[in-house]
Amino acid sequence: MATAAQWIEGARPRTLPNAIAPVLVGTGAAASIDGAVWWKAVLCLLLSLSLIIGVNYANDYSDGIRGTDDERVGPLRLVGSKLASPAAVRNAAIGCLALGAVIGLVLTATSAWWLLLVGAACLAGAWFYTGGRNPYGYSGFGEIAVFVFFGLVAVLGTQYVQAGKVDWAGLVCAIAVGSFSSAVLVTNNLRDIPTDSVSGKTTLAVRLGDSRTRTLHLALIMIPYAATLTLAARTPWALAGLVALPLAIKANEPVRTGKNGPGLIPALAGTGLALLVWSIATGAALAIG
């Protein structure tokens, strides 16, 4: 039976910046048009955390029962390592996603009815990433889904439920966060190319191959800094986002220098850290600017 510490590790806490970042910059974007509402920001954060932990457990369950995680290089997987039963992990995923659905209903009730459709799409995207008969994560669409759900939807949704509208600054932030979040997944999938190729998991990294995947990682983590320069048109304080540039360069170093397997784990953590620092700096800059 898995311990509490193993359940926490199975939730993949290193991915949590992907959930926190869009709420930070989405709230900053809302504040920049005088629309920030603190309690809605808190609910958005709880919703985002519930969804990402839910999708992590759902992936653990689905990959585990398929045998994809039998030869795991990266972080602990509960089902693949046989520390927890598939049913227990599945129920944990459903519980987290259900909590997110409840929070989403509260935000919908205080915002707009059509957000129900967005929420349904988010839940479906979370489950069918690796679940179901034809998981889209096994066909190379994972990075696109991350860009859409943890970039466009999460940032613009956070801005909309608080301010009642979105604007160009929110869209720029959404593109930046989506690029960072996609870079995290690219790093993960780059590390797993050898095992995914054998197990039949055709990720974008498997399709592109090692060299082009490394180039993609660099391109994705540079997009947010182009966004920083664009956001300076809203407020010069947005240039504070450049403070995260050294972190992004450091995160790319293992990718750039050809590291493989466990050698890419620092790139995974570093990309998440660069995302979080950029989002803190940018969200604060938009709020005060």
Side-chain angles (χ1 to χ4, degrees), residues 1-24 42-106 119 122-132 135-138 142 145-146 149-150 154 180-181 184-185 187-189 191-192 195-196 199 201 203 261-262 264-273 275-276 279:
M1 181 178 293
T3 65
Q6 288 168 332
W7 275 102
I8 292 172
E9 186 176 356
R12 304 182 70 184
R14 288 179 179 174
T15 65
L16 296 187
N18 296 64
I20 298 169
V23 178
L24 292 176
V42 171
L43 287 181
C44 286
L45 179 60
L46 293 175
L47 169 59
S48 191
L49 289 170
S50 298
L51 290 180
I52 201 165
I53 294 172
V55 76
N56 286 340
Y57 281 141
N59 293 346
D60 190 311
Y61 164 73
S62 297
D63 283 343
I65 62 175
R66 282 189 170 87
T68 307
D69 289 336
D70 288 350
E71 300 294 332
R72 183 72 180 169
V73 175
L76 173 75
R77 288 298 183 101
L78 295 165
V79 176
S81 61
K82 297 180 172 56
L83 289 170
S85 69
V89 177
R90 179 197 63 209
N91 292 340
I94 292 173
C96 291
L97 295 177
L99 175 60
V102 171
I103 297 171
L105 286 173
V106 174
C122 289
L123 292 174
W127 186 261
F128 292 109
Y129 172 54
T130 56
Y136 65 85
Y138 280 54
V146 166
F149 291 119
F150 285 100
F180 258 136
S181 293
V184 172
L185 184 57
T187 309
N188 182 77
N189 289 342
R191 182 199 62 211
D192 292 343
T195 54
D196 285 345
S199 65
K201 187 175 183 178
T203 62
L264 286 168
I265 293 177
L268 189 62
T271 303
L273 179 61
L275 162 63
L276 186 59
S279 299

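Listed by chain and number, the residues in a side chain to side chain contact (heavy atoms under 4.5 Å, CB included) with P13 are L16 (sequence neighbours excluded). Listed by chain and number, the residues in a side chain to side chain contact (heavy atoms under 4.5 Å, CB included) with A5 are T3 (sequence neighbours excluded). Taking the side-chain hydrogen bond (donor to acceptor under 3.5 Å, both in side chains) definition, one finds that T130 meets it with N59, sequence neighbours left out. Not counting sequence neighbours, F128 has no partner by the ring pair (Phe, Tyr, Trp, His ring centres under 6.0 Å) test.
Distance check, rounded to the nearest 0.5 Å: CG of L185 to CG of L268 gives 9.5 Å. Atoms CG and CG, on L78 and D60 in that order, are 4.5 Å from each other to the nearest 0.5 Å. To the nearest 0.5 Å, atoms CG (L83) and CZ (R77) are separated by 13.0 Å.
In plain terms, the two heavy atoms of A93 and W127 that are nearest each other are CB-CZ3, 4.3 Å. The minimum heavy-atom distance linking T271 with F180 is given by the pair CG2-O, 3.9 Å. In this structure, S181 and L275 approach most closely via the heavy-atom pair OG-CD2, 4.0 Å. Across every non-hydrogen atom of S62 and G131, the tightest pair is OG-CA, 3.4 Å. Closest heavy-atom contact between G272 and P17: O-CB, 3.5 Å. Closest approach of F149 to G125, counting heavy atoms only: CE1-CA, 4.1 Å.
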Could you check Y138 against D63 for side chain to side chain donor-acceptor pair (under 3.5 Å), going step by step and ending with a plain yes or no? CA-CA 10 Å; Y138 280 54; D63 283 343; 2.5 Å; yes
As a quick check of understanding, evaluate salt bridge (charged side-chain N to carboxylate O under 4.0 Å, His left out) for K201 and D192, giving each step before the final call. CA-CA 10 Å; K201 187 175 183 178; D192 292 343; over 6 Å; no
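With hydrogens and angles left out, the side-chain atoms of N188 and R14 include no donor and acceptor closer than 3.5 Å. Judged purely by distance below 3.5 Å, without hydrogens or angles, the side chains of N91 and Y61 never pair a donor atom with an acceptor atom.
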Listing, residues 43-57 side-chain donor-acceptor contacts under 3.5 Å, not counting sequence neighbours, or none:
| residue | atom | partner | partner atom | Å |
| --- | --- | --- | --- | --- |
| S48 | OG | A19 | O | 2.8 |
| S50 | OG | L46 | O | 2.8 |
| N56 | ND2 | A11 | O | 2.9 |
| N56 | ND2 | T15 | OG1 | 2.9 |
| N56 | ND2 | I52 | O | 3.2 |
| Y57 | OH | W7 | O | 2.7 |

